[in-house]
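The first residue of the sequence shown is numbered 1, and numbering continues consecutively from there.
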Amino acid sequence: WALMQAGHLSTDAIVKTAAAAGYDLSGLRTRLEAGDTGADRDHGKALHHDVVIVGGGAAGIATAASILKRRKDIDVAIIEPRTEHYYQPGWTLVGGGVFKREQTERAMAALMPKRATWLRTAAAEFAPERNEVILEDGARVSYQVLIVAPGIKLDWNAIAGLDEALGRHGVTSNYRFDMAPYTWTLIQSLKRGRALFTQMPIKCAGAPQKAMYLACDAWRRRGVLDAIDVEFHSAGGVLFGVQDYVPALQQYVERYGIELCFQETLVAVDGPAKTAYFDISGADGQTRREARSFDMLHVCPPQSAPDFVRRSPLADDAGWVDVDGETLQHRRYGNIFGLGDAGSSPNAKTAAAVRMQAPVVAHNVLNVLDGNAPNAVYNGYGSCPLTVERGKIVLAEFAYGGKPAPTLPSWLIDGTRPTRAAWLLKEKLLPTIYFHQMLRGNEILARPRLLPHRPTAHDAPAACDFEADRR
């Protein structure tokens, strides 16, 4: 923001505004006074790496590890400012009283591939015409191949009053590391009243339902569920975007007495008054606003690609990294790939999807470096282990077009019904698979499918469609 305002606002005004928001930009004063964004200014010779990865989350580290497993001597750099790495799928179980939040946190340094270079800073801009990434301090990093995996932006400020209310007044969200324990505190303390759960179907669209089902199960076990009105407010039109898994979920909706409210978007929260405001889309195309009081409110925040991606040449019209849904290669820049939550591929944005995407990108990146066309393809696989009660999960696995894509045979785990085996997989095995297999480049049950030719470019059908009319 500051660099974009240079030349329009005074440097003092920019620095003071940033300071008020908690950012010290005094070190950028020279650049701000020059009045340019760094696109044309010479900040010295750019650092160079064969492969540059923007993002040290699940997608970035898994892809780097898979590349280095294939070719140990390749020069890979990961741009990532954070010092902690989070196992985000575990936050549902933190909010359900199963995990401690410390179980979901690791030091970033312990997870970085040993042969990768860690650039502990943030990316600010892309200059694909020069094969460069511009960092937040103005330094430049050049590449032969770029992988864009910065994750997603959770826009808490897009809902009026939400940011101020979080962590107080019964308002919580398992989408934040620091809020998930508060979810469990609220579940434990609530004995009567109204509990609202909201959903905006982008990142792991099953997560709000998981929180709701675990809460209802806890209240049922304590004998207070009958005194609590539970409402599920979804901006979409269906309970779950893959029809095969809906019957099992609907049984739990009925068991817990949950009221389903579709086409309802949370737009404002008044924490002290414990009131949530929803814009409701009617069948006639008209929208009305309705207030709902609550004793507990679990929020799924609006989501988008990070700002520096949305305003970059790499973005599609919706702001996501514009990639082919199968090869994950950028549609306009052949030496750029994108995966994870910021990519435009129409799959469910989950860690399970990344587990399948990373080997595809790793293979295709090496092909491009060798002067060959990408021929590994991603089929849109994603997974939502829906925690319908403590000890049982509906393991939804699906690919492009909403086609079920089970990893294990149905005699072992039938994903269309709740099973204890799926719970054990989620609680006991998946964290180990994440930290000790996926992030280390071990591709058990995730080897990419290779075609004998470059796949024909086409638009992939959505894997999980929450936008359909109510069914």
Side-chain angles (χ1 to χ4, degrees), residues 38-39 46-64 66-68 70-71 74-80 116-117 119 121-135 139-152 305-347 349 353-354 357-378 448 454-455 457-460:
L47 298 171
H48 179 80
H49 298 276
D50 294 338
V51 177
V52 171
I53 300 174
V54 175
I61 291 180
T63 306
S66 284
I67 290 172
L68 291 166
R70 287 170 167 78
R71 193 171 297 179
I74 197 163
D75 178 13
V76 177
I78 301 175
I79 300 171
E80 173 54 60
T117 299
L119 303 178
T121 184
E125 302 173 49
F126 297 103
E129 71 285 352
R130 299 202 311 270
N131 294 328
E132 289 182 353
V133 177
I134 301 168
L135 306 179
R140 295 175 291 120
V141 183
S142 64
Y143 55 81
Q144 288 181 264
V145 175
L146 173 66
I147 300 169
V148 185
I152 205 166
D307 292 342
F308 76 99
V309 171
R310 288 192 297 111
R311 63 173 181 254
S312 78
L314 307 186
D316 64 8
D317 291 342
W320 307 104
V321 181
D322 190 11
V323 297
D324 177 84
E326 289 188 320
T327 65
L328 304 177
Q329 184 181 39
H330 198 276
R331 293 183 186 274
R332 298 187 301 279
Y333 303 102
N335 64 336
I336 296 178
F337 292 81
L339 75 160
D341 292 348
S344 66
S345 52
N347 55 275
K349 296 181 183 296
V354 167
Q357 290 177 337
V360 169
V361 171
H363 176 91
N364 287 340
V365 162
L366 294 178
N367 265 23
V368 168
L369 285 172
D370 293 341
N372 300 316
N375 68 328
V377 292
Y378 168 61
R454 184 187 186 114
H458 65 278
D459 291 333

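- Interatomic distance, CG of L314 versus NE2 of H330, reported as 4.5 Å (0.5 Å rounding).
- Within the 4.5 Å cutoff, the side chain of L146 has no heavy atoms near those of the N131 side chain.
- Taking 4.0 Å as the cut-off between side-chain N and carboxylate O, D370 and R71 count as a salt-bridged pair.
- Evaluated for a side chain to side chain contact (heavy atoms under 4.5 Å, CB included) with V51, the options D75, T63, I67, L68 yield exactly one hit, I67.
- The two residues P455 and T327 have their closest heavy-atom pair at CG-CG2, 3.3 Å.
- Side-chain contact between N364 and N375 is present, with at least one heavy-atom pair separated by less than 4.5 Å.
- Between the NE2 atom in H48 and the CZ atom in R140 there is a gap of 13.0 Å [rounded to 0.5 Å].
- By the 4.5 Å heavy-atom criterion applied to side chains, R331 and D316 are not counted as neighbours.
- Taking each heavy atom of S142 and V52 in turn, the nearest pair found is O-CG2, 3.7 Å.
- Note: D50 CG to Y143 OH = 13.5 Å, rounded to the nearest 0.5 Å.
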request  = Apply side-chain contact (heavy atoms from CB on, under 4.5 Å) to Q329 and F337, showing your working.
outcome  = CA-CA 4 Å; Q329 184 181 39; F337 292 81; 3.4 Å; yes

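- Annotation: the span from L328 atom CG to S344 atom OG amounts to 8.5 Å, rounded to 0.5 Å.
- Looking at heavy atoms from C-beta onward, V148 lies out of side-chain contact with V323 at the 4.5 angstrom threshold.
- Side-chain contact check for S345 versus Q357: some heavy-atom pair is nearer than 4.5 Å.
- Heavy-atom minimum distance, V360 versus P448: CG2-CB, 3.8 Å.
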Audit row: I61, E80, side-chain contact (heavy atoms from CB on, under 4.5 Å) steps and yes/no = CA-CA 10 Å; I61 291 180; E80 173 54 60; over 6 Å; no

task = Please lay out, stage by stage, how F126 and V54 fare under the test side-chain contact (heavy atoms from CB on, under 4.5 Å).
result = CA-CA 10 Å; F126 297 103; V54 175; 4.0 Å; yes

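- The two residues A64 and V76 make their nearest non-hydrogen contact at CB-CG1, 4.1 Å.
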key: side-chain contact (heavy atoms from CB on, under 4.5 Å) between L47 and T117, intermediate numbers included   = CA-CA 12 Å; L47 298 171; T117 299; over 6 Å; no

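- Side-chain contact check for D322 versus Y333: every heavy-atom pair is 4.5 Å or farther apart.
- In terms of heavy atoms, G340 sits closest to V354 at CA-CG2, 3.8 Å.
- Nearest heavy atoms, A358 versus S66: O-CB, 4.4 Å.
- Using a 4.5 Å cut-off on side-chain heavy atoms (C-beta onward), S312 and E125 make no contact.
- Between the side chain of K349 and the backbone N or O of G151 there is no donor-acceptor pair closer than 3.5 Å.
- At least one donor-acceptor pair closer than 3.5 Å links the side chain of N367 to the backbone N or O of A373.
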